[in-house]
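Some notes on the structure that comes next.
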Amino acid sequence: MKIGIVCYPTFGGSGVLATELGIALANKGHQVHFITYQKPARLFSFHKNIYFHEVGSFEYPLFEFAPYETALASRMVDIAIHEKLDIIHVHYAIPHAAAAYMAKQILRRKGIHLPIVTTLHGTDITLVGLDAAYAPVVEFSINESDAVTSVSQSLRKQTIDHFEISREIDVVYNFIDLEKFERKENLDFKKQIAPQGQFIISHTSNFRKLKRVEDVIRAFEEIYRKVPSKLLLVGDGPERTAMEALCRQIGLCDEIVFLGKQDAVENILSISDLFLLPSQHESFGLAALEAMASRVPVISSNIGGIPEVNIEGETGFLFEVGDFKGMAGKSVLLLENPELLEKFRNNAWKKSREFSKATIIPQYEAIYERCLKSSLAHQ
Ligand code: GMT
């Protein structure tokens, strides 16, 4: 199949997932065309069957905001025609699903039928998409897609609860390359971070407010008082400066390491003992899954799709949003009980097996096939 993939090219979960999906599909022999404003962050090297098409925008003094959707839709039309795409898969509804609808209509006028698959990733529904500035367009473009997927049951339910949805939504969970996240002990690295054999707690995110990095630091402060430990913070974003200031304020700068954006998160997870994810919104929690695949139990909030991945009392513990004291308490319980910690590590690893590429990629392929069949039937 010739598949166009539209996504955000950044380190955010939706972009990472879209890129990994494109790579996996290309490895299975499909031809994949990424259409986005920048090369996706996870697309570091040359891959057979993968093409990247940059969406440029025409700057003009009249435009305070260059019309990206128009440029994106035009680029989709051009690529669909010249590369003879079979299907376009857009990740994150805003503005990708609306641009895809526009492209589809333009192509229809030219006698080309291009099915659109839209994957909802989370904040496009739970936060940004709910805003009156976007909601009508989000609802319309979901209903006009040929297939819609959501990354958890919870996100599917929230979409149906918040919008008037007239089409079926398939749940296709996030996946990861389990081999890549297989734990590889690296004692030298571990010693650099924790020279006295302290426990290592980690957190990865894009440091947006909804990730509640402050709760990570507050929980760590409590854990540190009871158990010798270090905190590794991976990622960067709007909250980073405030979080650095908080570490200085509580006097834990030497125990909390800000690693910034990292390409090889798996190396950090490989030396971690616990992972904290106290988010306010999380449709799935790709970062939690990556940790679990590296045998790291997860202490998280209980919102959105997280409980579908992190199982209470088995792979980790879940709390109400903001309950950093509860999170700290169970973290200490695990760190002080080596047998219990080992049991949770194994459970986390076992649970992560459900989200393999081998399980999830065929689900997307089946959806593409279904759309193609139905599009042919309607021609
Ligand atoms: O979580 C983020 O900040 C990034 C965001 C995105 O849209 O790029 O991630 C969302 O998509 C991921 C992949 O499907 C999910 O695993 C994340 O849970 C989801 N984030 C939120 O719902 C906040």
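No experiment lies behind these values; they were computed from the predicted model shown. First listed ligand is number 1; within each ligand, the first listed atom is number 1.
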Between F284 and L17, does the side chain to side chain contact (heavy atoms under 4.5 Å, CB included) criterion hold? Intermediate values first, please. CA-CA 12 Å; F284 179 90; L17 192 100; over 6 Å; no

Examine [X] against ligand 1 and note whether any of their N/O atoms are separated by less than 3.5 Å.
X    : value
F284 : yes
L210 : no
N206 : yes
G122 : no

Write out the residue and atom name of the closest protein heavy atom to [atom], then the distance separating them to 0.1 Å.
atom                    : answer
atom 22 (O) of ligand 1 : S283 N, 2.9 Å
atom 18 (O) of ligand 1 : E282 OE2, 2.7 Å
atom 14 (O) of ligand 1 : H121 ND1, 2.6 Å
atom 5 (C) of ligand 1  : G13 N, 3.8 Å
atom 3 (O) of ligand 1  : R208 NH2, 2.2 Å

Decide if atom NZ of K157 counts as having more than 12 heavy atoms of other residues, nucleotides or ligands within a radius under 6.0 Å.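 At most 12 heavy atoms, drawn from other residues, nucleotides or ligands, come within 6.0 Å of this atom.
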
Proximal ligand 1 atoms for L286, defined as those under 4.0 Å from one of its heavy atoms: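 Atoms satisfying the 4.0 Å criterion: 16 (O).
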
Give the atom numbers and elements of ligand 1 that come within less than 4.0 Å of a heavy atom of K211.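 Going through ligand 1 atom by atom, the ones under 4.0 Å from K211 are 1 (O), 2 (C), 3 (O).
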
Ligand 1 contact on Y8 by region, counting heavy-atom pairs under 4.0 Å: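 Neither; nothing of Y8 gets under 4.0 Å from ligand 1.
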
Is there a ring-ring contact (aromatic ring centres under 6.0 Å, His included) between F317 and F344? Walk through the geometry before answering. CA-CA 10 Å; F317 291 104; F344 273 61; 5.1 Å; yes

